[in-house]
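I have placed the structure first, in the form of structure tokens, so that the comments after it can refer back to it.
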Amino acid sequence: MGADPAPEQVGYRGPTACAAAGITYRQLDYWARTGLVEPTVRPASGSGTQRLYSFRDVVVLKIVKRFLDTGVALQNIRTAVQHLRDRGFSDLERMTLMSDGATVYECTSPDQVVSLLQGGQGIFGIAVGVVWRDVENALSQLHGERVDTGETVVGHNPTDELAARRNRAG
């Protein structure tokens, strides 16, 4: 029995990612093929290879789903996801994403949220930290897989490892 693999060494197969993000396999497949949310652990290469999604990928899938559910156009969501990707998804769990249905805004401070709300139009917000914890809880009930060995990882909590690593580093 070795130590738990680091989060970046654990991938989640399509059906697991769907279950945790609350989306259909068809959505997952379409979003991967159109480059909206591609699996960063292992992309599909030819038939028969299993796509593997990282924990962060699953968080992004769930964010996309939340925006779609509130009527934000896929094109606008695509822009927001691209923006998050450009930032390397850093500080994702501390971010609030807001949308007025047309544009998606990233708010990193309460002041930004307030100024958007004062604009008067209907605003919808996603506290990414909440989505993060939802996905964490869902994945802790599901199976991941080690990228190096293909071994199944059950109930692996990705942030336990992150916390442990932060403590070691500090």
Side-chain angles (χ1 to χ4, degrees), residues 6-45 49-117 119 121-140 142 144-145 147 156-159 161-162:
E8 58 274 14
Q9 295 172 320
V10 177
Y12 300 96
R13 291 181 175 216
T16 305
C18 289
I23 59 172
T24 65
Y25 195 81
R26 218 164 132 186
Q27 286 174 307
L28 182 82
D29 187 54
Y30 177 71
W31 297 347
R33 282 187 291 110
T34 58
L36 176 62
V37 184
E38 293 172 280
T40 56
V41 179
R42 189 195 304 143
S45 52
T49 56
Q50 286 282 345
R51 289 187 190 119
L52 283 181
Y53 288 83
S54 71
F55 172 73
R56 272 168 190 248
D57 295 339
V58 180
V59 170
V60 174
L61 288 168
K62 194 169 178 83
I63 289 169
V64 170
K65 163 90 166 94
R66 290 260 173 103
F67 276 131
L68 277 178
D69 287 349
T70 57
V72 179
L74 200 54
Q75 192 49 51
N76 300 330
I77 297 170
R78 201 173 281 283
T79 308
V81 170
Q82 187 55 54
H83 173 73
L84 293 175
R85 192 176 290 130
D86 291 347
R87 292 202 34 187
F89 297 114
S90 59
D91 285 341
L92 201 55
E93 64 273 42
R94 282 189 285 283
M95 204 180 280
T96 300
L97 296 172
M98 310 283 285
S99 178
D100 54 13
T103 314
V104 175
Y105 307 92
E106 170 200 334
C107 300
T108 45
S109 74
D111 293 351
Q112 291 174 309
V113 174
V114 169
S115 71
L116 263 180
L117 291 173
Q121 70 275 52
I123 293 276
F124 166 73
I126 296 176
V128 179
V130 174
V131 175
W132 187 277
R133 285 186 293 282
D134 283 355
V135 168
E136 215 169 62
N137 292 338
L139 288 176
S140 70
L142 299 162
E145 148 178 345
V147 179
H156 174 68
N157 187 331
T159 48
E161 174 65 27
L162 285 174

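Here, residue 1 is the first one in the sequence, and each next residue gets the next number.
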Min side-chain heavy-atom separation Arg133-Val130 under 4.5 Å: yes
Minimum heavy-atom distance Val135-Ala20, with the two atoms named: CG2-O, 4.4 Å
Glu145 vs Thr16 side-chain heavy atoms within contact, under 4.5 Å: no
Any side-chain heavy-atom pair of Gln27 and Leu61 under 4.5 Å: no
Whether over 12 other heavy atoms sit under 6.0 Å from Tyr25 OH: yes
Nearest-0.5 Å distance that lies between atom CD in Gln50 and atom OH in Tyr12: 15.5 Å
Intermediate values then yes/no, salt bridge (Lys or Arg N to Asp or Glu O under 4.0 Å), Asp134 and Arg66: CA-CA 12 Å; Asp134 283 355; Arg66 290 260 173 103; 3.1 Å; yes
Val10 side chain near Phe55 side chain, heavy-atom distance below 4.5 Å: no
Working for side chain to side chain donor-acceptor pair (under 3.5 Å), residues Thr79 and Asn76: CA-CA 5 Å; Thr79 308; Asn76 300 330; 5.2 Å; no
Between Asp57 and Ser54, a side-chain donor and acceptor under 3.5 Å: yes
Approximate separation, where rounding is to 0.5 Å, of Ile126 CD1 and Lys62 NZ: 10.0 Å
Interatomic spacing from CZ in Arg42 to OH in Tyr53 - rounded to 0.5 Å: 12.5 Å
Min side-chain heavy-atom separation Arg78-Thr34 under 4.5 Å: yes
Exercise: identify the closest heavy-atom pair between Trp132 and Arg56: CH2-NH2, 3.7 Å
Heavy-atom pair of closest approach, residues Ile77 and Val72: CD1-O, 3.6 Å
Straight-line distance of Thr40 OG1 to Arg51 CZ, nearest 0.5 Å: 13.0 Å
Rounded distance (nearest 0.5 Å) linking atom CG of Leu28 with atom NZ of Lys65: 13.0 Å
